[in-house]
Amino acid sequence: MENTRPAIDTHELSKQVSAHGRRAGGREGRRTLRAKAVPSFPALTRNIPVYEIVPDEAVELIHEESLKILEEVGCEFRDAQAIDLWKKAGAKVDNTRVHIDRALLMQLVGQIPSEFVQHARNPERSVTIGGKNSVFVPMYGAPYVRDLDNQRRYGSLADLNNFHKLAYMSPTLHSSSSIICEPMEIAVPKRHLHIIHSALKYSDKPFMGIVTAKERAEDVMKMAGIVFGDDFVRDNTVVVSITNCNSPLVWDATMLDALKVYAAHNQPCILAPFALCGASTSASAVGAVAQVNAEALAGLAFTQLVRPGSPQIYGQFMVTVDMKSGAPMGGTPEAAQMMYLMGALARKYKLPWRTSGFHVGSKINDAQAGYEANMLMHAAILSGANYIWHVAGWLEAGLCAGYSKFVTDTEQLAGWYKYGQGLDFSDFKDAMQAVREVGPAGHFLGTQHTLEHFESAFFMPSLMDFNSFEQWSAEGAKDHDERGRDKARAMLGQYEEPKLDEAVDEALRDFIARRERELPNSVN
């Protein structure tokens with residue numbers, strides 16, 4: 001039965017300011033809250049039904065074919081320790097190819113919790129992932145930025161700091177991600193240290209880890225221990241990370257190394273095949289889902305060989321390929337349809353699951369970006385996704401993080417938040433009384449009901465312009481992209497840091513300095 005409690009008033013939420021204090025590190029430190037903080041929406045609890053794009057029989061058909069792929073074709077695990085674990089579990093192994101019996105597969109997948117709490121360094125910003133909850137997470141991994149002057153250039157550490165500040169200040173974002181843009185001036189072997197420090201220092205929301213090497217994942221866990229306390233981290237989720245299967249059907253050593261570190265520490269990863277449909281999958285939306293489902297299930301099952309019962313997230317990244325150029329495409333109808341199928345499969349397995357929201361192919365924050373984003377976010381919400389990633393800043397198929405795109409996306413998220421909450425009937429009786437008060441040919445502007453509800457009744461964006469042409473012209477005739485840059489610039493000017501305790505920050509800096517002395521300046 002659908003939850004029918006009244007929808008949360010997002011305008012009222014935006015007025016609520018929680019008391020926050022300086023962090024002291026460890027469990028006791030997390031109880032101290034700042035005296036001043038930006039507002040923050042809780043995880044969206046969806047009060048609308050999910051959309052089933054196909055009947056249950058079709059979901060079962062895809063499930064069955066995924067099991068056959070893993071039994072008959074197999075999946076490669078290119079890591080000696082992973083192969084040993086699969087052999088001990090009873091899987092059939094041929095060199096690096098693992099054939100997984102369906103009973104073993106489903107027994108392992110069935111150990112994964114259906115939901116878990118990701119703790120933030122400010123406990124008021126912790127979120128539950130799974131069930132009817134959706135969290136919004138900004139983009140990840142862009143080498144380029146489109147800056148406040150609308151110039152495309154390489155990202156820097158200053159840009160990354162700025163994006164973490166914007167994530168902290170955006171009420172609709174539930175996480176600060178981590179590598180929103182790459183700090184390209186920092187040597188690759190040392191870059192992860194500054195990325196994680198930025199996410200922890202400039203925001204007190206949940207964050208994401210690094211998966212590009214075993215040692216980098218271990219460093220993430222050590223830095224998390226400094227902030228949260230080792231004892232707390234040992235028993236609680238504080239970081240979510242992303243691992244990608246190389247479609248078709250390969251889990252490589254780099255991803256498996258990171259996956260082993262995080263699973264052993266009881267920290268969840270998103271098990272997300274990276275599929276370019278038509279290139280790394282068959283040229284079939286349904287066929288691609290069957291393959292990607294098999295790849296994700298194989299990775300999820302493996303995590304339970306490392307640590308039974310560890311929380312994990314069923315994931316996918318599926319975009320179609322332009323058959324004329326080979327370029328990946330973002331907001332296509334097939335990408336949306338595949339989301340609905342993955343959502344149905346996730347519910348079948350009772351797993352929290354991730355998809356992407358505003359990932360677009362457009363180069364700038366233009367009409368194409370809006371069309372693409374709307375296609376995908378509608379599907380993300382209606383397919384019941386729990387961890388909706390890439391919802392702020394994404395341009396150029398992820399190659400570029402845009403300042404304007406970031407803040408215009410976060411405003412749109414407020415609209416999706418309200419949409420996902422469903423309709424509120426709590427004031428219906430009063431609204432009908434207002435009709436009786438006004439009668440024919442009157443207006444409602446002065447009624448008690450309007451005075452009490454005008455601020456919260458409807459979504460009222462500030463960046464979208466609904467003024468007359470004359471007023472819009474008089475105010476500079478600015479387009480949406482320019483208004484977004486203005487807003488980002490203003491937000492950064494108003495930023496106040498959610499302070500880390502000085503001792504904790506000093507310990508992080510000492511750790512970074514030591515690791516920088518130990519690490520090389522270039523990748524061999």
Side-chain angles (χ1 to χ4, degrees), residues 61-79 82-83 86 94-100 105 109 140-141 211-212 241-259 269-303 312-323 325-332 334-346 349 351 353-356 359 361 376 379 383 385 387 389-390 397-399:
L61 174 63
I62 294 171
H63 166 70
E64 180 66 21
E65 290 302 316
S66 297
L67 298 183
K68 289 179 180 178
I69 289 171
L70 293 178
E71 288 177 328
E72 299 169 7
V73 180
C75 184
E76 293 217 359
F77 285 78
R78 295 179 177 174
D79 172 77
I83 292 299
W86 277 118
D94 180 13
N95 195 9
T96 58
R97 187 174 298 199
V98 180
H99 298 263
I100 312 170
L105 179 80
V109 170
Y140 179 107
V211 296
T212 49
S241 304
I242 174 68
T243 52
N244 292 125
C245 175
N246 289 335
S247 298
L249 296 165
V250 174
W251 284 96
D252 67 31
T254 299
M255 292 292 98
L256 291 170
D257 271 350
L259 190 55
C269 283
I270 302 166
L271 285 295
F274 187 93
L276 301 175
C277 301
S280 61
T281 75
S282 61
S284 159
V286 178
V289 169
Q291 176 189 314
V292 165
N293 184 47
E295 295 166 339
L297 289 175
L300 288 161
F302 173 72
T303 66
Q312 306 296 336
I313 300 175
Y314 173 80
Q316 56 90 12
F317 184 88
M318 302 173 75
V319 294
T320 55
V321 170
D322 184 338
M323 292 301 179
S325 66
M329 298 189 292
T332 63
E334 294 83 9
Q337 290 169 335
M338 290 186 288
M339 272 192 214
Y340 288 117
L341 293 176
M342 296 300 288
L345 289 161
Y349 307 133
L351 294 172
W353 77 285
R354 165 261 169 156
T355 192
S356 299
H359 71 85
L376 296 180
S383 61
Y387 196 95
W389 199 11
H390 303 319
L399 290 175

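Atom set for the values below is all heavy atoms of this structure, side chains included, hydrogens, waters and symmetry mates excluded.
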Ser282 and Gln291: side chain donor to acceptor below 3.5 Å: no
Flag side-chain contact, heavy atom, 4.5 Å: Leu249 against Glu295: yes
His359 and His390 aromatic ring geometry - parallel, tilted or perpendicular at 30°/60° bounds: perpendicular
Closest heavy-atom pair and its distance - Leu70, Cys75: CD2-CB, 4.0 Å
Rounded distance (nearest 0.5 Å) linking atom CD of Gln316 with atom SG of Cys245: 13.0 Å
Test applied, side chain to side chain contact (heavy atoms under 4.5 Å, CB included); reference residue, Trp389; option that passes from Ile242, Ile313, Thr355: Ile242
Chi angles and distances behind the salt bridge (charged side-chain N to carboxylate O under 4.0 Å, His left out) call for Glu71, Lys68: CA-CA 5 Å; Glu71 288 177 328; Lys68 289 179 180 178; over 6 Å; no
Validation row, ring centre Trp251 to ring centre Phe302 under 6.0 Å: no
Side chain Arg354, main chain Ala385, donor-acceptor under 3.5 Å: no
Main-chain N/O of Met255 paired with Asp252 side-chain donor or acceptor, under 3.5 Å: yes
Contact check, side chains of Pro273 and Met318, non-hydrogen atoms, under 4.5 Å: no
Between CZ on residue Phe274 and OG on residue Ser280, distance to nearest 0.5 Å: 8.0 Å
Pairwise side-chain contact, Leu256 with Arg78, heavy-atom cut-off 4.5 Å (strictly under): no
Donor-acceptor contact present, side-chain Ser66 to main-chain Ala290, <3.5 Å: yes
Heavy-atom pair with the smallest gap, counting every atom of Ala301 and Leu105: CB-CD1, 3.8 Å
Any side-chain heavy-atom pair of Val286 and Leu61 under 4.5 Å: no
Leu259: which of Val211, Thr254, Thr303 passes side chain to side chain contact (heavy atoms under 4.5 Å, CB included): Thr303
Distance-minimising heavy-atom pair for Thr281 and Ala275: CG2-CB, 3.8 Å
Thr243 side, atom OG1; Leu300 side, atom CG - distance, nearest 0.5 Å: 8.5 Å
Candidate pair Met338 and Thr320, rule side chain to side chain contact (heavy atoms under 4.5 Å, CB included), full reasoning: CA-CA 10 Å; Met338 290 186 288; Thr320 55; 4.2 Å; yes
Any side-chain heavy-atom pair of Asn293 and Glu65 under 4.5 Å: no
Side chain to side chain contact (heavy atoms under 4.5 Å, CB included) assessment of Leu297 paired with Ile100: CA-CA 10 Å; Leu297 289 175; Ile100 312 170; over 6 Å; no
Contact summary for Phe77 and Val98, nearest pair of heavy atoms: CD1-CG2, 3.8 Å
Rounded distance [0.5 Å steps], OG1 in Thr332 versus CG in Leu376: 7.0 Å
Least distance between heavy atoms, Tyr340 atom then Ala379 atom: OH-CA, 3.5 Å
Gap between atom CG of Asn95 and atom CD1 of Ile83 - 0.5 Å precision: 7.5 Å
